[in-house]
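Any value given below was found using the heavy atoms of this structure, including those in side chains, with hydrogens, waters and symmetry copies removed.
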Amino acid sequence: MSHQLSPDGKWVWDGHQWRPRPKWWRRPGWVVLVAGLVACLVVATFAVPVASYLIRVNGSGAPAAEPAATQTGSPERSRQPRQQVPETIRPGEEVTKERLAQVSPSEFYWELLERQMTRPISLITSTYFAKPQDFEQHKSYYVNQLGIDRRTGEFTAAKTSYQEGRTSTMNRCVDGKYYYWSSYDEEWSHLQSSDQDCAEIPTLMHSASTDGVVTSGLSGKQADKVVAALRDEFDGFAHPGKPVLITIDGKTYVRQVVDYTPLKLEDGRYWGTMIFTLAFEETGLDPETWPWYTGLGPGEGLHVVYYIDPHTLLPVASVMRSTPVLDDQGKEKVRYDQTMAFNYQFPAKLPEQTLKGAKPLTLTLPEGWHITK
């Protein structure tokens with residue numbers, strides 16, 4: 001299980017042994033909260049919606065990852081002033097292959113993240129696979145959908161299970177009540193015993209309604225701080241590739257590949273997705289009212305493929321695969337190759353969740369069930 005902590009928050013399980021919590025891991029109150037969330041996941045069962053909403057966070061039973069990758073960075077290092085903005089493209093401007101060839105890959109990506117972080121409403125559909133072959137065959141999996149209006153705290157939640165490529169079950173939380181679709185009766189049934197779990201979603205869902213890289217609903221200043229941390233404080237962590245224009249089945253996307261390479265921090269160990277958490281802390285948000293969780297082991301890096309709407313320049317879909325955990329000498333220690341896929345929507349209003357119809361949730365992966373290098 002990713003990010004497994006002891007109840008007192010002083011120890012981190014790396015999949016092999018308990019290690020002291022890194023001294024730069026701030027906010028002990030947050031550590032205790034995350035430990036509590038993880039405990040909730042262990043107790044939850046397949047029929048309980050909260051477990052399915054957080055399946056990518058739980059890692060579907062994958063071992064805890066310690067650290068992974070290259071170069072050196074330190075949370076205490078002073079930040080460098082932002083350089084003059086190089087050529088980029090902004091929403092509403094024409095996107096062509098020629099224009100994309102001129103942009104700075106890094107600046108294009110930082111602005112993509114800032115747009116994503118400052119959207120007040122997000123509706124994210126996601127799935128998780130513990131092994132690459134599970135992703136490529138996609139015979140058995142869950143599709144989760146979580147929507148949240150960060151201004152009001154309103155939310156929607158639903159899940160569809162698939163077995164051998166066919167719809168197995170469908171679950172929804174509507175007006176605080178939990179329902180599942182009965183294929184035998186061809187109607188929605190109410191499971192009263194799970195209503196409490198629906199009531200708890202507003203507390204837990206913040207950690208599942210993201211792609212694990214950045215959250216939504218931040219102010220411009222908060223988003224700037226997150227980007228500054230990822231770009232300057234942890235220089236060498238993010239490696240954005242050149243964005244390119246692609247057309248698939250009549251639809252056009254900007255595809256950008258980004259590799260997150262774990263860094264050796266001041267405790268002498270390599271850390272990966274944990275750096276997203278450290279960057280999020282720069283917002284100053286109270287973790288007890290805005291929980292944050294990256295969804296993978298803290299030492300794993302990421303290979304991310306984004307598919308971006310050429311008009312809004314917001315992500316439409318992404319596929320992510322974790323990279324190996326490294327030992328203290330920077331050599332590969334263990335690899336899990338966990339895979340996550342996401343569809344993104346940023347509507348002006350959160351769609352109402354009802355019991356009308358029984359349409360299963362689906363995922364759109366522009367280039368199919370594989371990962372572009």
* Asked: Looking at residues at least two apart in the chain, or sitting in another chain, which of them share a side chain to side chain donor-acceptor pair (under 3.5 Å) with T152?
  -> E154
* Only counting residues at least two apart or in another chain, list the ones meeting side-chain contact (heavy atoms from CB on, under 4.5 Å) with H311. => D309
* Keeping the roles fixed (side chain from D149, backbone from G153), state whether a donor-acceptor pair exists under 3.5 Å. => no
* Asked: So, does Q338 use its side chain to make a donor-acceptor pair with the main chain of F129 at under 3.5 Å?
  -> no
* Would you please name every residue forming a side-chain contact (heavy atoms from CB on, under 4.5 Å) with D249, sequence neighbours left out? => none
* Could I get the full list of salt bridge (Lys or Arg N to Asp or Glu O under 4.0 Å) partners for R119, not counting sequence neighbours? => none
* Asked: Which residue pairs pass the salt bridge (Lys or Arg N to Asp or Glu O under 4.0 Å) test with at least one member in residues 361-373, sequence neighbours excluded?
  -> R255-E367
* Structure fact -> Sorted by chain and residue number, the side-chain contact (heavy atoms from CB on, under 4.5 Å) partners of D195 (sequence neighbours excluded) come out as K177, Y178, H190, Q192
* To do: Would you please say whether a donor-acceptor pair under 3.5 Å links the side chains of D211 and Y344?
  => yes
* Asked: S168 and S161: side-chain donor and acceptor closer than 3.5 Å?
  -> no
* Over all atoms of both residues, closest heavy-atom pair of T118 and A223 -> CG2-CB, 3.9 Å
Which pairs would a plain distance check flag for residues 346-365, meaning a side-chain donor or acceptor within less than 3.5 Å of a matching protein atom at least two apart in sequence or in another chain?
unit_1: Q353; atom_1: NE2; unit_2: A157; atom_2: O; d: 3.4
unit_1: T354; atom_1: OG1; unit_2: K356; atom_2: N; d: 3.3

* **T215 vs T210, side-chain hydrogen bond (donor to acceptor under 3.5 Å, both in side chains): CA-CA, chis, key distance, verdict** => CA-CA 5 Å; T215 185; T210 74; 5.9 Å; no
* To do: Using a 4.5 Å cut-off on heavy atoms from C-beta on, say whether the side chain of V257 contacts that of V304.
  => no
* Between S182 and S189, do the side chains contain an N or O donor and an N or O acceptor separated by less than 3.5 Å? -> no
* Can you check whether L285 reaches L218 side chain to side chain, under 4.5 Å on heavy atoms? -> yes
* Asked: If we ignore angles and hydrogens, is there a donor and acceptor under 3.5 Å between the side chains of R150 and S216?
  -> yes
* Which residue pairs satisfy the salt bridge (Lys or Arg N to Asp or Glu O under 4.0 Å) criterion with at least one member in residues 133-148, sequence neighbours excluded? -> none
* Asked: Between the side chains of T312 and R115, is a donor N or O closer than 3.5 angstrom to an acceptor N or O?
  -> no
* Structure fact -> The reported gap from NZ in K264 to CH2 in W271 (rounded to nearest 0.5 angstrom) is 13.5 Å
* Asked: Does any donor atom in the side chain of Q163 or S140 lie under 3.5 Å from an acceptor atom in the other side chain?
  -> yes
* **Those residues that, when tested against R166, pass salt bridge (Lys or Arg N to Asp or Glu O under 4.0 Å) (two or more places apart)** => none
* Spell out, yes or no, whether V254 and V213 are grouped together once hydrophobic residues are joined by side-chain heavy atoms under 4.5 Å, including indirect joins. => yes
* Asked: With E93, which residues qualify under side-chain contact (heavy atoms from CB on, under 4.5 Å), at least two apart?
  -> I89, R90, R99
* To do: Rounded to the nearest 0.5 Å, what's the gap from CG on L302 to CD on E300? Could you check?
  => 8.0 Å
* Structure fact -> With sequence neighbours left out, the residues meeting side chain to side chain donor-acceptor pair (under 3.5 Å) with T125 are Q145
* Aromatic ring proximity W369/Y141, centre distance under 6.0 Å -> yes
* Asked: Are T283 and Q222 close enough, and set up right, to give a side-chain hydrogen bond (donor to acceptor under 3.5 Å, both in side chains), and what steps lead you there?
  -> CA-CA 5 Å; T283 63; Q222 290 170 327; 5.1 Å; no
* **D175 CG: over 12 foreign heavy atoms closer than 6.0 Å** => no
* Working to the nearest 0.5 Å, report the span between NZ of K225 and CD of E233. => 12.0 Å
* Looking only at non-hydrogen atoms, find the nearest pair between T372 and H303 and report the distance. => O-NE2, 2.8 Å
* To do: Applying side chain to side chain donor-acceptor pair (under 3.5 Å), name anything that partners Y109, two or more places apart in sequence or on another chain.
  => Y260, Y306
